[in-house]
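This one's a predicted model, so the numbers in the text were calculated from it and none came from an experiment.
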Amino acid sequence: MRLSRSLSITSLSGLPLWEEESLPVQDLLLFEVSWEVTNKVGGIYTVIQTKAKITVDEWGENYIMMGPYYEHNFKTQVEKCEPPNQAIKAAMDSLINNGCQVHFGRWLIEGSPYVILFDIGAAAWNLDRWKGDLWNACSIGLPYHDREANDSLIFGSLVAWFFKELTDQLQDKPNVIAHFHEWQAGTGLVLSRSRKIPLATIFTTHATLLGRYLCAGNADFYNNLDKFNIDQEAGDRQIYHRYCLERAAVHCAHVFTTVSQITAVEANHMLHRQPDVVTPNGLNVRKFSAMHEFQNLHSMNKAKIQEFVRGHFYGHLDFNLEKTLFFFIAGRYEFSNKGADLFLESLSRLNYLLRVHKNDFTVVVFFIMPAKTNNFNVESLKGQAVRKQLWDTAQSVKEKFGKRLYESLLRGEIPDMSKILDRDDFTIMKRAIYATQRHSFPPVTTHNMLDDSTDPILSNIRRIGLFNGRNDRVKIVFHPEFLSSTSPLLPMDYEEFVRGCHLGVFPSYYEPWGYTPGECTVMGIPSVTTNLSGFGCFMEEHVSDPSEYGIYIVDRRFRSADESCNQLTQFMFSFCQQSRRQRIIQRNRTERLSDLLDWRYLGRFYMHARHLALSRSFPGKFKMDHLNLPPTQGFRYPRPASVPPSPSASLHSTPHHSDEEDDDTYDEEEEAERDRQNIKAPFTLGAEPEGKSNQPLENGN
C-alpha cells in the first residue's frame with residue numbers, strides 16, 4: 001500500500017487544502033504513551049489533552065492512550081468501561097493474572113479517548129528483576145534513590161509487556177503504532193525494540209533533559225551547543241542514567257520528532273540524532289459566531305482588572321485608568337529561562353522612556369509566577385477592602401441624592417445642589433477620602449514571600465528601583481500564585497485575565513514551544529516572544545511581518561543581552577504609542593492567526609510521522625518514497641493589506657496623540673479576505689526556508 005505524503009485533513013478558513021490519502025485506520029491501532037495521561041504535571045498534559053479530539057475524530061475506537069494509574073485522578077477524570085477490542089482485553093487480563101493492576105476507561109475530556117492506566121505501585125515488586133532486564137537489553141543501570149527513574153522503568157516494563165501480549169494476540173493484523181512522549185515513557189520503547197515486538201514506534205521529545213538542566217544553571221547554552229561534553233555534563237548533574245534512557249529511546253525509535261525547529265537543533269547536538277519530523281503544539285480553537293465577540297470579552301475582563309488596580313493602588317491612584325495598559329508574564333518560576341530577568345531590565349528602561357517623553361500612558365505589569373508564600377499581603381487585602389468600602393459609600397450617597405432629586409423634580413422645582421446633600425453626607429464622604437490616605441507605596445507583591453530577601457524577582461525590583469512610586473509610569477504587581485476565580489484579591493481565571501490584558505510578554509531564553517503566547521494569540525491578545533522559543537520560530541516561518549499581527553519576536557539568538565533588552569524595550573514603547581483604535585485593529589489581526597495554531601492544521605504533522613513510522617517498520621505493507629518526496633506546501637501570511645510598506649509609517653511621529661484619531665482606510669472584513677487570498681507557500685515541509693539557515697531573522701519594530 002503506497003502512502004501519500006500530503007498532510008492535510010481539512011481546509012481552515014483562508015488556508016489552502018492539502019489532498020491526502022488517509023491511512024487505513026480500521027486496520028491499525030494507535031497507542032499514545034505518556035506519563036501525563038490523566039496526570040497533570042507540565043505542558044505535555046496540555047498537548048495530549050488538546051490533541052485528543054482531532055485524533056479521536058480520525059481514529060475512533062482504534063486510538064488508546066496509556067499512562068500511570070493514580071487513584072484520585074482515575075476517580076475524578078476517567079469513566080471506567082470495558083475494552084471494545086478483545087485483543088486489548090486479553091492482553092490486560094494476562095498482566096492482571098500475573099499480579100499487575102491495569103485499568104481501562106474513557107478520559108473525560110473533549111473527544112473522550114480510551115485510556116489504559118498501569119498501577120506503578122502494585123508492580124513495584126518486579127523492580128529488581130526489571131532493572132536486570134534493562135541492563136541486559138542496553139547496559140543502563142538505575143540508582144536505587146532515583147524514584148522518578150525507577151517509576152519510569154516500572155511503567156515502561158508494563159507497557160512493553162502489554163505490547164508483547166497484544167501483538168501475540170493480533171498476529172500482525174491489525175498493525176500497531178506506538179507513540180511515546182519524553183524519557184519517562186521512553187523506557188517502554190527501548191524494551192519493546194530490544195524484544196523485537198512488531199510495532200511502528202515514534203518518540204517525541206518536548207525538551208531535551210540535559211537542555212533543561214544546563215539552561216537552569218545559566219549556561220550560555222545556544223552559543224556552546226557544539227562545545228558541551230554531553231556525558232560529563234550529565235554525569236556532573238547526576239542524571240547520566242536518565243540521559244542514557246532518553247538517548248536510547250531517541251535512537252531506537254523508527255521516527256524521532258521534536259516540537260519546534262529550535263528544539264530540533266538542540267536535539268541534534270544533545271542526543272545526536274536529527275529529528276525526522278517537527279510536530280508543533282496546537283490548541284483547540286473555538287471561533288465566535290459574532291466577529292468581534294472576543295473584543296467584547298476583552299472589554300469586560302479589562303474592567304475586572306481595573307477594579308483590582310483601584311484597590312491595590314488606593315491613595316496613589318493619580319493615573320487615568322482609561323490610559324493604563326496591562327502587561328503580564330506567566331508560567332513556571334524559572335527566572336532566567338522564562339526571560340523574567342530581561343523583562344525587568346526592559347521595564348526599567350521603558351519607565352525611563354515614558355517619563356522622558358512625558359507619555360500620559362501608565363503601564364501596570366503583572367508577574368503571575370507561583371513561588372513560596374505563607375499568605376496574602378495585609379496591605380493588598382486592605383486595599384480591596386478600602387475599595388469596596390468606598391464603593392458602598394458612593395452607592396449610599398448616590399441613593400440619597402437620587403431620592404431627593406426625584407422628589408424635587410416631582411414638585412416641579414429645580415433642586416438646590418448645595419442643599420441636596422446634607423452635612424452627614426459630606427462627613428461620610430470626607431471619612432471615605434481620609435480612609436484612602438496612604439503613607440507607603442502600594443506593595444509590589446500581593447503575598448508574603450517566604451524568601452523575600454533572596455527572591456529573584458523582588459531582588460531585581462529593588463535593583464532597578466520600581467517601587468510603584470507616583471512618578472513611575474511603570475507599576476509592578478507580583479502575584480506569586482496561579483490565578484483563581486475564588487481569590488479574594490483578583491477573582492479571575494487565567495483565561496479571563498489574559499483576555500483583559502493588552503500585551504503578554506514572554507522573552508524566554510529556553511522555551512521548546514511556549515503555550516503562553518499561543519494562548520494569547522488564540523484569544524486575540526498581542527504578545528512578545530523570542531526566536532529561541534518554538535512558538536517564535538514557528539511564527540517567523542508562517543507570518544511575513546509578525547509584529548503587524550501583534551506577535552513581537554525578540555532576537556535573543558543572534559544579539560547580545562543588552563541589544564535584546566533594547567529591542568524588547570522598543571517593542572513595548574511602540575505599543576504604548578498606539579492609539580486605542582490601533583490596538584483594536586491589531587487585536588483583530590492577532591486573532592486571525594489563531595487558525596495557524598489549530599490542531600486541525602497542526603495535527604497533519606503527527607499524521608506524517610505515523611506514515612513514516614509505518615513505512616519504516618512494515619516496509620512490505622506501507623511504502624513511502626523517502627528520496628523523491630512530492631512537495632508539501634506550507635503557507636505564509638502576508639503583511640496586512642492596510643499596513644504601509646514601512647513599519648515606521650504606522651507609528652506616531654510624536655508620543656502625544658489623540659485616541660480619537662481614525663483611519664478610514666481600514667476595513668476588518670476586507671483586510672481579512674485579502675489575507676486569505678494572498679497567503680503564500682514559500683517552503684516545503686521539513687525544508688529550511690531559504691536564507692534562514694545562518695542569519696538572524698528580521699523583526700519589525
Side-chain angles (χ1 to χ4, degrees), residues 304-319 321 324-348 350-351 362-388 436 438-494 496-498 500-501 503-507 516:
K304 293 181 182 178
I305 299 175
Q306 287 175 336
E307 281 301 293
F308 166 80
V309 169
R310 288 187 178 100
H312 192 79
F313 290 91
Y314 82 93
H316 287 256
L317 201 64
D318 51 358
F319 50 91
L321 280 176
T324 299
L325 301 176
F326 301 130
F327 295 0
F328 80 99
I329 182 173
R332 287 190 303 274
Y333 197 170
E334 297 176 7
F335 184 67
S336 298
N337 283 359
K338 297 297 181 185
D341 50 353
L342 188 76
F343 188 26
L344 281 165
E345 180 60 35
S346 297
L347 289 176
S348 174
L350 175 65
N351 185 52
T362 301
V363 176
V364 177
V365 184
F366 293 87
F367 285 76
I368 312 295
M369 290 179 160
K372 293 179 180 178
T373 65
N374 60 16
N375 214 327
F376 293 110
N377 187 305
V378 173
E379 270 296 302
S380 298
L381 288 171
K382 180 183 175 183
Q384 300 308 313
V386 168
R387 176 192 63 79
K388 189 175 186 309
T436 64
R438 177 188 251 171
H439 301 293
S440 60
F441 290 146
V444 294
T445 179
T446 57
H447 292 61
N448 294 324
M449 304 291 293
L450 289 182
D451 301 316
D452 186 293
S453 60
T454 58
D455 182 81
I457 289 179
L458 295 182
S459 297
N460 275 269
I461 288 173
R462 296 183 190 106
R463 178 182 63 82
I464 60 179
L466 283 180
F467 298 119
N468 296 336
R470 290 186 181 276
N471 294 327
D472 290 329
R473 298 270 50 84
V474 173
K475 318 284 187 182
I476 292 179
V477 178
F478 179 23
H479 189 282
E481 271 188 2
F482 286 131
L483 297 170
S484 169
S485 57
T486 60
S487 168
L489 280 185
L490 187 55
M492 301 179 75
D493 289 329
Y494 179 70
E496 295 175 328
F497 176 77
V498 172
C501 288
L503 183 71
V505 185
F506 314 102
T516 40

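- At a threshold of 4.5 Å between non-hydrogen side-chain atoms, the residues Thr446 and Phe308 count as touching.
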- Show your working on side chain to side chain contact (heavy atoms under 4.5 Å, CB included) between Phe319 and Val309 and close with a plain yes or no. CA-CA 11 Å; Phe319 50 91; Val309 169; 4.0 Å; yes
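- Taking the side chain as every heavy atom from C-beta outward, Tyr333 and Pro456 approach each other to under 4.5 Å.
- In plain terms, the two heavy atoms of Ile368 and Glu481 that are nearest each other are CG2-O, 3.7 Å.
- The closest donor-acceptor contact from the side chain of His312 to the backbone of Pro443 lies under 3.5 Å.
- The CG atom of Leu489 sits 11.5 Å away from atom OG of Ser484, with the distance rounded to the nearest 0.5 Å.
- Taking 4.0 Å as the cut-off between side-chain N and carboxylate O, Lys304 and Glu307 do not count as a salt-bridged pair.
- Side-chain contact check for Ile457 versus Phe343: every heavy-atom pair is 4.5 Å or farther apart.
- Here the two rings, on Phe506 and Phe328, have centers that are under 6.0 Å apart.
- The main-chain N or O of Phe467 is never found under 3.5 Å from a side-chain atom of Lys475 such that the two would form a donor-acceptor pair.
- Taking CZ of Phe335 as the reference point, atom CG of Leu342 lies at 10.0 Å (rounded to 0.5 Å).
- Side-chain contact between Pro507 and Ile329 is present, with at least one heavy-atom pair separated by less than 4.5 Å.
- The side-chain heavy atoms of Asp341 and Glu345, taken from C-beta on, include no pair separated by under 4.5 Å.
- When atom types are taken as modelled, the side chain of Asp472 and the backbone of Leu466 share no donor-acceptor pair closer than 3.5 angstrom.
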For a side chain to side chain contact (heavy atoms under 4.5 Å, CB included) check, start with the C-alpha distance between Leu458 and Asp452, then their side-chain angles and the critical distance, and finish with the verdict. CA-CA 7 Å; Leu458 295 182; Asp452 186 293; 3.7 Å; yes
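- The shortest side-chain heavy-atom distance between Leu344 and Phe367 falls under the 4.5 Å cut-off.
- Smallest separation of non-hydrogen atoms from Gly500 and Phe326: O-CD1, 4.0 Å.
- By the 4.5 Å heavy-atom criterion applied to side chains, Met492 and Leu483 are not counted as neighbours.
- In this structure, CD on Glu379 lies 4.5 Å from OG on Ser440, to the nearest 0.5 angstrom.
- For Asn468 (side chain) and Phe441 (main-chain N/O), no donor-acceptor pair under 3.5 Å exists by modelled atom type.
- Atoms OG and CG, on Ser459 and Asp451 in that order, are 10.0 Å from each other to the nearest 0.5 Å.
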Worked check of side chain to side chain contact (heavy atoms under 4.5 Å, CB included) between Thr373 and Asn448:
CA-CA 6 Å; Thr373 65; Asn448 294 324; 5.9 Å; no
Hey, mind stepping through Val477 and Val364 against side chain to side chain contact (heavy atoms under 4.5 Å, CB included) and telling me if it holds? CA-CA 7 Å; Val477 178; Val364 177; 4.2 Å; yes
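- Although no hydrogens or angles enter the test, the distance criterion places no donor-acceptor pair under 3.5 Å between the side chain of Asn351 and the main chain of Leu347.
- Aromatic pair Phe497/Phe366: ring centres closer than 6.0 Å.
- Ile464 contributes atom CD1, which lies 5.0 Å from atom CD1 of Ile476 (distance to the nearest 0.5 angstrom).
- Panel note: side chain His447, backbone Met449; no donor-acceptor pair is recorded below 3.5 Å.
- Cation-pi check for Arg387 over Tyr314 is not met; the charged atom does not lie both under 6.0 angstrom from the ring centroid and within 45 degrees of its normal.
- The CZ atom of Phe478 sits 7.5 Å away from atom CD1 of Ile461, with the distance rounded to the nearest 0.5 Å.
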